[in-house]
Amino acid sequence: MKFDTKAIHGGQKPEETTGAVMPPVFLTSTFAQSSPGTHKGYAYARGTNPTRTALEKSFTALENGTHGFAFSSGMAAIDCVLRLLKPGDEIIAGDDLYGGTYRMFTQLFQKYGLIFSFVDMDLVSNISEKITEKTKLVWLETPTNPLMKIADIKAISSAIKTKNTDIIIAVDNTFATPYLQQPLNLGADIVMHSATKYLGGHSDLIMGALIVKDAKLAEDLYFIQFAAGAIASPMDSFLALRGIKTLHVRMQRHCENGKQIADFLSNHIKVDRVYYPGLKSHSSYEIAKKQMKDFGGMVSFQLKDNSKTATFKFLENTKLFTLAESLGGVESLVNHPVTMSHGSIPEEKRLKIGITNSLVRLSVGIEDIADLIEDLDQALHF
Ligand code: P1T
């Protein structure tokens, strides 16, 4: 199946007893057993629920994996991956990450003896140099949140695997979605999503996803998910599956609009720098072009006036772009990383990589592009 067909049919079939085309929302916590341990494949809904199973099959199909897991949030999915490790294990992560991921790594798991180093993933050698016999996991986002940096998944994966095939490579694919890139095809072991974003697509749920292509890894992750319990609910599973059915169509428009907004901002007198992998000026444009089908709907930019007053004026001025955390819904959102999505990163760390006070992140929605540009244009008159 081609991707657009998979978005609708991947892993899906009409429900067995009624023929319902969409899976019913199985609002049940438990399932009858005819004799102890004898049941119809479902025992207790923390372990499996048919609505969640339907969604997990869709995740698996979209990312070309063999097993998929739906979690109660993106953070719960990341937490599950880290629980594969033990005290003393080392993790190499990108230096630009969603603020919550950075917070989980440094304020939660560091406490339990995991050792993190953060490197610029632009250069494969930055990662190779950090690998020791204790390295167990490489964690990357591409494009990164919020600076839109690109990591070459294929080059990184092959460099790591030639050193040690046991190192797990995990890619947070939230910004790209499987429509734009499929990390398992490029050598990664685990794909993670905040399904809250583009997969759900309508800003009406919080959810995480993991997809793998190795049976042993799947077994380990399933054990952790079942034992720790951070599962997606049946209702959210239904909503996410409904969202996924239009992923490819939404993404086409997100990409078209994203490109036009990036061009508009690049030529605006009040704008200092635009971060968008589809711009030829982006330092990893060639890698993005090779790795991604298109460039997505996330655009960050820095205002020339770096003052808090100017930045807040712009953020308060937009009318169609709603000032809110999150991204990936049909509606356009604007976010101020320093005070919102990346507030948990210490000032000197964020300034070092370029998350300045005047950095603004846009999640470009699928509205009419003329209205979106007009909104940004009027908001930039301050
Ligand atoms: O919010 P949650 O579903 O738990 O997902 C966390 C997460 C993980 N990875 C990436 C790349 C993310 O962007 C997020 C969530 N991000 C935001 C809420 C935000 O505004 O950036």
Side-chain angles (χ1 to χ4, degrees), residues 55 59 63 69-82 93-109 118 121 139-151 153 170-178 180-181 183 188 190-211 225 228 230-233 236-237 239-240 243-244 254 275 277 296-300 315 321-329 331-345 350 353 355 359-365:
L55 172 66
F59 286 162
E63 288 286 8
F69 303 94
F71 290 83
S72 52
S73 69
M75 294 318 301
I78 302 174
D79 174 84
C80 184
V81 174
L82 290 178
D95 61 355
D96 184 36
L97 296 171
Y98 166 55
T101 307
Y102 181 83
R103 178 175 52 210
M104 177 181 269
F105 288 0
T106 56
Q107 292 184 44
L108 204 56
F109 279 99
F118 298 93
M121 297 267 175
W139 185 271
L140 49 110
E141 284 179 16
T142 180
T144 62
N145 181 1
L147 292 171
M148 309 300 296
K149 288 164 77 167
I150 301 292
I153 302 170
V171 178
D172 183 335
N173 205 24
T174 301
F175 270 34
T177 82
L180 297 180
Q181 78 193 4
I190 301 179
V191 177
M192 176 264 153
H193 283 277
S194 168
T196 313
K197 312 297 178 336
Y198 289 103
L199 295 183
H202 297 76
S203 304
D204 53 7
L205 57 89
I206 297 280
M207 187 185 285
L210 294 179
I211 303 99
Q225 188 191 38
I231 49 156
S233 78
D236 285 350
S237 298
L239 287 172
I244 284 173
H254 282 298
Y275 300 87
M298 296 302 297
V299 182
S300 295
L315 293 165
F321 279 85
T322 303
L323 179 61
E325 301 225 13
S326 205
L327 57 111
E331 68 291 304
S332 292
L333 299 181
V334 58
N335 167 65
H336 185 230
V338 168
T339 52
M340 297 163 73
S341 55
H342 292 71
S344 57
I345 300 182
R350 63 169 173 79
I353 59 165
I355 305 180
L359 184 78
V360 171
R361 189 192 73 191
L362 302 176
S363 172
V364 180

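In listed order, ligands and their atoms are each counted from 1.
- In this structure, ligand 1 sits under 4.0 Å from heavy atoms belonging to S73, G74, M75, Y98, E141, N145, D172, T174, M192, S194, T196, K197, M207, E325, S326, L327, S341, R361.
- Residue D96 comes nearest to L147 through the heavy atom pair OD2-N, 3.0 Å, listed as atom of the first residue, atom of the second, then distance.
- Using a 3.5 Å distance cut-off with no hydrogens or angles, the side chains of S203 and E331 do pair a donor with an acceptor.
- In this structure, OG in S194 is found 7.0 Å from CD1 in I206, a value given to the nearest 0.5 Å.
- Looking at every heavy atom in both residues, E63 comes nearest to Q181 through OE1-O, 4.0 Å.
- For the residue pair A232 and M207, the shortest heavy atom distance occurs at CB-CE, 3.8 Å.
- Here the shortest heavy-atom pairing between D95 and F118 reads CA-CB, 4.1 Å.
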